[in-house]
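Let me begin by presenting the structure, written as structure tokens, before commenting on it.
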Amino acid sequence: MLDILAKITGLRAPMLKIPHGLALGVAYANTVFSRLVGREPGIPIEGVKIARHMMFVDSSRAQRELGI
């Protein structure tokens, strides 16, 4: 999926996989820094937390009912 998004956006897909704990720590640090400078965090904590879970979707209903 990331390769498809990279083609659409023209941006490179992420190449580096980092441990969840490190990503979460960076997200918290980014949030603190963002609050100090009055900006929105670039790395949302909730986004990092949810990224830990494998999520699957089933598009068969959309295909069946909408013809997608």
Side-chain angles (χ1 to χ4, degrees):
M1 182 171 90
L2 293 175
D3 291 332
I4 293 169
L5 289 173
K7 288 178 184 176
I8 292 170
T9 62
L11 301 172
R12 290 184 354 185
M15 302 294 290
L16 181 66
K17 186 174 182 177
I18 62 172
H20 182 260
L22 176 60
L24 193 56
V26 171
Y28 277 111
N30 178 253
T31 299
V32 170
F33 178 75
S34 296
R35 287 183 182 166
L36 291 174
V37 297
R39 294 184 184 171
E40 287 292 318
I43 308 169
I45 294 169
E46 290 302 318
V48 173
K49 287 181 178 180
I50 205 166
R52 184 176 202 178
H53 304 284
M54 296 295 288
M55 291 182 240
F56 300 93
V57 295
D58 179 8
S59 63
S60 62
R61 182 176 175 198
Q63 292 171 343
R64 186 175 59 253
E65 294 182 13
L66 302 174
I68 295 176

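Computed from a predicted model, the values in this text were never measured in an experiment.
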TODO: Would you name the heavy atoms of K49 and H20 that are closest together and state the gap between them?
DONE: CA-NE2, 3.9 Å

Open item on the list: To check you understand the geometry: which heavy-atom pair defines the closest contact between A13 and D3, and what is its length?
Closed with: CB-OD1, 3.8 Å

Task: Where P41 and S34 come nearest, the two heavy atoms and their spacing - done: CA-OG, 3.3 Å

- [ ] Please name all residues satisfying side chain to side chain donor-acceptor pair (under 3.5 Å) with D58, sequence neighbours left out, ordered by chain then number.
- [x] S60

Open item on the list: Surrounding CE of M1 (heavy atoms of other residues, nucleotides or ligands, distance under 6.0 Å), is the total greater than 12?
Closed with: no

Task: ILVMFWY network linking L16 to L24, side-chain heavy atoms under 4.5 angstrom - done: yes

- [ ] List the atom of L11, the atom of A6, and the distance in Å for their closest heavy-atom pair.
- [x] O-CB, 3.0 Å

Open item on the list: For V48 versus A27, what's the shortest heavy-atom pair and its separation?
Closed with: CG2-CB, 3.8 Å

Task: Path from Y28 to L22 over hydrophobic side-chain contacts below 4.5 Å - done: yes

Open item on the list: Quick check on the hydrophobic clustering: are I43 and F33 connected, directly or via other members, by side-chain heavy-atom contacts under 4.5 Å?
Closed with: no

Open item on the list: Would you compute the distance between atom CG of N30 and atom CZ of R35 and round it to the nearest 0.5 angstrom?
Closed with: 11.0 Å

Open item on the list: Heavy-atom count check: over 12 atoms from other residues, nucleotides or ligands less than 6.0 Å from E40 CD?
Closed with: no

Task: Greater than 12 external heavy atoms within 6.0 Å of I50's CD1 - done: no

Task: In one Ile/Leu/Val/Met/Phe/Trp/Tyr side-chain cluster, 4.5 Å: I18, I45 - done: yes

Open item on the list: Counting only heavy atoms from other residues, nucleotides and ligands, does the tally under 6.0 Å from CZ of R64 exceed 12?
Closed with: yes

- [ ] Take atom CG of L5 as the centre, draw a 6.0 Å sphere, and report whether it contains more than 12 heavy atoms from other residues, nucleotides or ligands.
- [x] yes

